[in-house]
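Here the structure is a predicted model, which is why all the values come from computation and not from measurement. Throughout, numbering of the chain's residues begins at 1 and tracks the sequence.
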Amino acid sequence: MNKTDWTTMNKDELERQYSPSRWSHRMSADDVIRAHVAALKSGTEKARAVTQTLLDVPYGDGDGENLDVYVPSSSSPDLPLVIYLHGGYWQFLSKDESGFLAVPLVQKGVVVVAVGYSIAPKGNMDLMVSQVRRSVVSVIQQYSHISGLYLCGHSAGAHLAAMVLSTDWSQYDISPQIKGAFLVSGIYDLQPILSTYVNEPLKMTEEVALRNSPSRLLSQLQLSSSSCHIVIAVAQNDSPEFRKQSEEYFKDLESAGLKVSYEDVPNTDHFSIIEQLVDENYHLTKLLLKMMGRS
């Protein structure tokens, strides 16, 4: 693959590279997004029908600072807990379509928490990062007896999960010990999207993009998350730029001495790579369960 530097791309090429729906081999760009939303919605409806749920639990005082909890029927107090951060380019989707991964996990005695945050244009990047950090603190305070805390984020949610791993917790009441993190088809350097359509509702300046780029916060991640096992997953049919973002972040984490592994998932695109978490036999579902000792 030709590793063209994004700084040499014109706006049209950059926008093509950062339009994941244009790289799917399954269907047209519009159809793949429609199918994605439908899959997440139906998966979440199923999860709400078959598991115990606590919906719209506040984690802050702000509008939209709520989360949904999918609870196993197991009476054991020592359950692993996965916090899921949804994608949607920081401007689409919500926690209401984010319970789809709960069924195979809850069946194995894992608590799943889907976090809501204030998507753009209502929320800006600094607010969203602050919200997901506070949601993690709140979850630990509410579920102090869990056996392990794990993060999973897709696309923009993988970016937010990486920002959580890169938090200076000294400003918070608690310092979460995150055991594992699944970062799926994420963006770890926000600079390339500044001049694209993605930034129109976000209105990020370069300064905002730099301070919210996990690729620039490696020393903080080393301090905060040195014992976390991080899995960087990317779809075979993600765009070259998306694939490069994951490869470079993986290499950076590896060079920094972190526990990190790389999953290049065959026969997936930017959307199917996460949609398939509804399936207990899917590679990433099995990997997640294995990481939590629940396979």
Side-chain angles (χ1 to χ4, degrees), residues 37 40-41 43-74 77 79-88 90-106 109-120 122-165 167 169 172-184 186 274 277-278 288 292:
V37 175
L40 301 188
K41 278 188 171 160
T44 302
E45 281 163 14
K46 184 183 174 194
R48 289 181 175 186
V50 302
T51 65
Q52 292 175 286
T53 56
L54 300 160
L55 302 180
D56 301 313
V57 179
Y59 65 81
D61 303 327
D63 193 25
E65 295 185 350
N66 297 308
L67 41 88
D68 294 339
V69 187
Y70 297 81
V71 189
S73 50
S74 157
L79 303 177
L81 184 148
V82 176
I83 295 178
Y84 179 71
L85 302 173
H86 71 79
W90 308 277
Q91 56 200 277
F92 304 109
L93 297 175
S94 70
K95 69 171 181 56
D96 301 336
E97 304 87 27
S98 300
F100 62 94
L101 69 165
V103 176
L105 299 179
V106 168
V110 178
V111 182
V112 176
V113 176
V115 174
Y117 53 88
S118 301
I119 54 174
K122 195 174 178 182
N124 61 34
M125 189 59 72
D126 288 326
L127 175 64
M128 289 182 252
V129 168
S130 157
Q131 286 176 324
V132 295
R133 287 171 169 166
R134 284 184 285 118
S135 77
V136 171
V137 169
S138 173
V139 165
I140 294 178
Q141 288 167 335
Q142 290 178 55
Y143 295 90
S144 53
H145 50 259
I146 55 173
S147 64
L149 178 68
Y150 299 83
L151 289 182
C152 178
H154 173 240
S155 197
H159 160 267
L160 292 171
M163 290 300 290
V164 170
L165 296 176
T167 305
W169 296 111
Y172 295 81
D173 306 337
I174 201 165
S175 179
Q177 293 306 303
I178 299 164
K179 283 194 177 177
F182 266 63
L183 309 180
V184 183
I274 198 76
L277 282 176
V278 296
L288 186 53
M292 296 185 287

Can you check side chain to side chain contact (heavy atoms under 4.5 Å, CB included) on Val278 and Lys46, steps first, answer last?
CA-CA 10 Å; Val278 296; Lys46 184 183 174 194; over 6 Å; no
Atom [atom1] of [X] and atom [atom2] of [Y]: how far apart are they, to the nearest 0.5 Å?
{"X": "Leu81", "Y": "Ile178", "atom1": "CG", "atom2": "CD1", "value": "11.0 Å"}
{"X": "Leu101", "Y": "Leu40", "atom1": "CG", "atom2": "CG", "value": "9.5 Å"}
{"X": "Lys122", "Y": "Gln91", "atom1": "NZ", "atom2": "CD", "value": "15.5 Å"}
{"X": "Leu93", "Y": "Lys41", "atom1": "CG", "atom2": "NZ", "value": "9.0 Å"}
{"X": "Leu183", "Y": "Leu160", "atom1": "CG", "atom2": "CG", "value": "11.0 Å"}
{"X": "Leu105", "Y": "Tyr84", "atom1": "CG", "atom2": "OH", "value": "11.5 Å"}

[X] side-chain N/O to [Y] backbone N/O, donor-acceptor pair under 3.5 Å:
{"X": "Arg133", "Y": "Trp169", "value": "no"}
{"X": "Ser98", "Y": "Ser94", "value": "yes"}
{"X": "Gln131", "Y": "Ser118", "value": "yes"}
{"X": "Thr53", "Y": "Leu55", "value": "no"}

Would you say the rings of Phe92 and His86 are close, in the sense that their centroids are separated by under 6.0 Å?
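Aromatic pair excluded; centres sit 6.0 Å or further apart.
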Using side-chain hydrogen bond (donor to acceptor under 3.5 Å, both in side chains) as the criterion, list what pairs up with [X], not counting sequence neighbours.
{"X": "Ser138", "result": "Gln142"}
{"X": "Tyr70", "result": "Arg48"}
{"X": "Asp61", "result": "none"}

Of all heavy-atom pairs between [X] and [Y], which one has the smallest distance, and what is that distance?
{"X": "Asn66", "Y": "Pro58", "answer": "OD1-CA, 3.4 Å"}
{"X": "Thr44", "Y": "Gly99", "answer": "OG1-N, 3.0 Å"}
{"X": "Val112", "Y": "Ala102", "answer": "CG2-CA, 3.9 Å"}
{"X": "Pro80", "Y": "Gly109", "answer": "CD-O, 3.5 Å"}
{"X": "Met163", "Y": "Thr167", "answer": "O-OG1, 3.1 Å"}
{"X": "Ala47", "Y": "Thr51", "answer": "O-OG1, 2.7 Å"}

Considering residues at least two apart in sequence or located in another chain, which fulfil the side-chain contact (heavy atoms from CB on, under 4.5 Å) criterion with Val71?
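Per chain and number, Val71 pairs via side-chain contact (heavy atoms from CB on, under 4.5 Å) with Gln52, Leu54, Val69.
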Show me the side-chain donor-acceptor pairs of residues 143-159 shorter than 3.5 Å, one per line, residues at least two apart or across chains.
{"unit_1": "His154", "atom_1": "NE2", "unit_2": "His270", "atom_2": "O", "d": "2.7"}
{"unit_1": "Ser155", "atom_1": "OG", "unit_2": "His270", "atom_2": "NE2", "d": "2.8"}
{"unit_1": "His159", "atom_1": "ND1", "unit_2": "Trp90", "atom_2": "NE1", "d": "3.3"}
{"unit_1": "His159", "atom_1": "NE2", "unit_2": "Asn212", "atom_2": "O", "d": "2.6"}

So [Y] and [X], do their side chains get closer than 4.5 Å, heavy atoms only?
{"X": "Ile174", "Y": "Gln141", "answer": "yes"}
{"X": "Met292", "Y": "Val82", "answer": "yes"}
{"X": "Pro72", "Y": "Val110", "answer": "no"}
{"X": "Phe182", "Y": "Ile274", "answer": "no"}

Who pairs with Lys95 by salt bridge (charged side-chain N to carboxylate O under 4.0 Å, His left out), at least two apart in sequence or on another chain?
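Only Asp56, Asp68 meet the salt bridge (charged side-chain N to carboxylate O under 4.0 Å, His left out) criterion with Lys95.
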